[in-house]
Amino acid sequence: MDHYLIWCNLSESHRDLEFVENLNKYLGYLKEQQELESFTVTRRKLGWGPASLGEFMIDIRVKDMAKLEAIFQHVATRSGEVEKLHVAVFRMVTDFQSALYRDFPDEVRKR
């Protein structure tokens, strides 16, 4: 399993529940399209964590890099329902950072 991790802050922190609702709609739509396996949304607790990472962390789990590329290609069309859902999230985010991790050990690494 590959994990596309996103850290971000909100441009307007008082809209936190709206952000999570929009994000759940957006990623839920991609899951319904069978493009991602699952996702979680977490928020920093008690202010603990590196200052360089955002208050929110999103973990998008995909089967492999081919699925992640399919998601990027779908979103890059910037059209239809996916664009409407993406814009509702993107317009609320600032300080975006991302990384790609994998379960370890995985099927590629022989034991």
Side-chain angles (χ1 to χ4, degrees):
M1 189 72 57
D2 289 335
H3 298 256
Y4 178 53
L5 300 172
I6 298 169
W7 295 271
C8 65
N9 290 310
L10 300 183
S11 53
E12 298 178 59
S13 62
H14 67 280
R15 297 175 69 191
D16 52 355
L17 294 177
E18 180 185 353
F19 167 71
V20 172
E21 181 181 337
N22 290 344
L23 186 61
N24 283 326
K25 286 178 184 176
Y26 173 50
L27 296 178
Y29 172 81
L30 292 173
K31 187 173 184 214
E32 287 172 10
Q33 302 298 307
Q34 299 179 345
E35 294 184 355
L36 60 90
E37 295 294 319
S38 61
F39 65 91
T40 55
V41 180
T42 57
R43 188 175 195 175
R44 183 179 291 163
K45 188 170 185 172
L46 302 173
W48 292 352
S52 61
L53 296 180
E55 186 174 356
F56 286 89
M57 184 179 82
I58 299 108
D59 181 1
I60 300 171
R61 293 175 290 279
V62 294
K63 181 179 175 185
D64 54 31
M65 292 294 293
K67 281 291 190 180
L68 186 58
E69 179 62 19
I71 291 170
F72 284 134
Q73 292 296 322
H74 185 173
V75 173
T77 64
R78 298 192 70 160
S79 64
E81 184 68 12
V82 73
E83 176 66 0
K84 178 180 129 190
L85 295 168
H86 180 255
V87 166
V89 173
F90 183 78
R91 67 181 167 83
M92 301 183 83
V93 168
T94 188
D95 305 322
F96 175 94
Q97 294 187 67
S98 63
L100 186 61
Y101 281 73
R102 64 184 169 132
D103 288 343
F104 190 84
D106 60 5
E107 296 154 3
V108 174
R109 181 72 182 259
K110 297 183 191 242
R111 296 181 186 196

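Quantities reported herein were computed from a predicted structural model and do not represent experimental measurements.
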Work out which heavy atom in Tyr26 is nearest to a heavy atom in His86; give both atom names and the distance.
-> OH-CD2, 3.2 Å
Asp106 side chain to Arg109 main-chain N or O, any donor-acceptor pair under 3.5 Å?
-> yes
In chain order, what residues pass the side-chain contact (heavy atoms from CB on, under 4.5 Å) check against Thr42, with sequence neighbours excluded?
-> Met57
Mind checking the OG1-CD spacing from Thr94 to Glu12? Nearest 0.5 Å is all I need.
-> 11.0 Å
So, do Tyr101 and Asp59 sit near enough that their side-chain heavy atoms are less than 4.5 Å apart?
-> no
Result of checking Val62, Leu68, Leu5 against Leu100 for side-chain contact (heavy atoms from CB on, under 4.5 Å) | Leu68
Can you establish whether the number of heavy atoms outside Met65 located under 6.0 Å from its atom CE is more than 12?
-> no
Any idea which heavy atoms bring Gly54 and Trp7 closest together, and the distance?
-> N-CB, 3.7 Å
Got a second to check how far Lys63's NZ is from Met1's CE, nearest 0.5 Å?
-> 9.0 Å
Counting N and O atoms only, with roles assigned by atom type, does the side chain of Lys67 sit under 3.5 Å from a partner on the main chain of Arg61, one being a donor and the other an acceptor?
-> no
Hey, what do you get for CD1 (Ile71) to CD (Glu35), rounding to the nearest 0.5 Å?
-> 5.5 Å
Salt-bridge test for Glu55 and Arg43: reply yes if a basic N is under 4.0 Å from a carboxylate O, no otherwise.
-> yes
Polar contact flag, side-chain donor to acceptor under 3.5 angstrom, His74-Gln33 = no
The reported gap from NZ in Lys84 to OG in Ser79 (rounded to nearest 0.5 angstrom) is 13.5 Å
For side chain to side chain contact (heavy atoms under 4.5 Å, CB included), just list the numbers for Val89 and Phe19, CA-CA rounded to whole Å, side-chain angles, deciding distance to a tenth of an Å, and then say yes or no.
-> CA-CA 6 Å; Val89 173; Phe19 167 71; 3.8 Å; yes
Stepwise, does the salt bridge (Lys or Arg N to Asp or Glu O under 4.0 Å) test hold for Arg91 with Glu18?
-> CA-CA 12 Å; Arg91 67 181 167 83; Glu18 180 185 353; 3.7 Å; yes
ILVMFWY network linking Val41 to Phe96, side-chain heavy atoms under 4.5 angstrom = yes
Same hydrophobic cluster for Phe72 and Val87, using side-chain heavy-atom links shorter than 4.5 Å among ILVMFWY?
-> no
Distance-minimising heavy-atom pair for Leu27 and Leu36 = O-CD2, 3.9 Å
If you round to the nearest 0.5 Å, how far is CD1 of Ile6 from CD1 of Ile58?
-> 5.0 Å
Closest heavy-atom pair and its distance - Gln97, Leu53 = NE2-CA, 4.0 Å
Phe56 and Val93: CA distance, side-chain angles, deciding distance, side chain to side chain contact (heavy atoms under 4.5 Å, CB included) verdict | CA-CA 10 Å; Phe56 286 89; Val93 168; over 6 Å; no
Does Val20 belong to the same Ile/Leu/Val/Met/Phe/Trp/Tyr cluster as Phe90, with side-chain heavy atoms less than 4.5 Å apart forming each link?
-> no
Nearest heavy atoms of Phe39 and Gly28, plus distance in Å = CE2-N, 3.7 Å
About how many Å separate CD of Glu81 and CG of Leu30, when rounded to the nearest 0.5 Å?
-> 10.5 Å
For His3 and Asp103, work out which heavy atoms get closest and say how close.
-> NE2-OD1, 2.7 Å
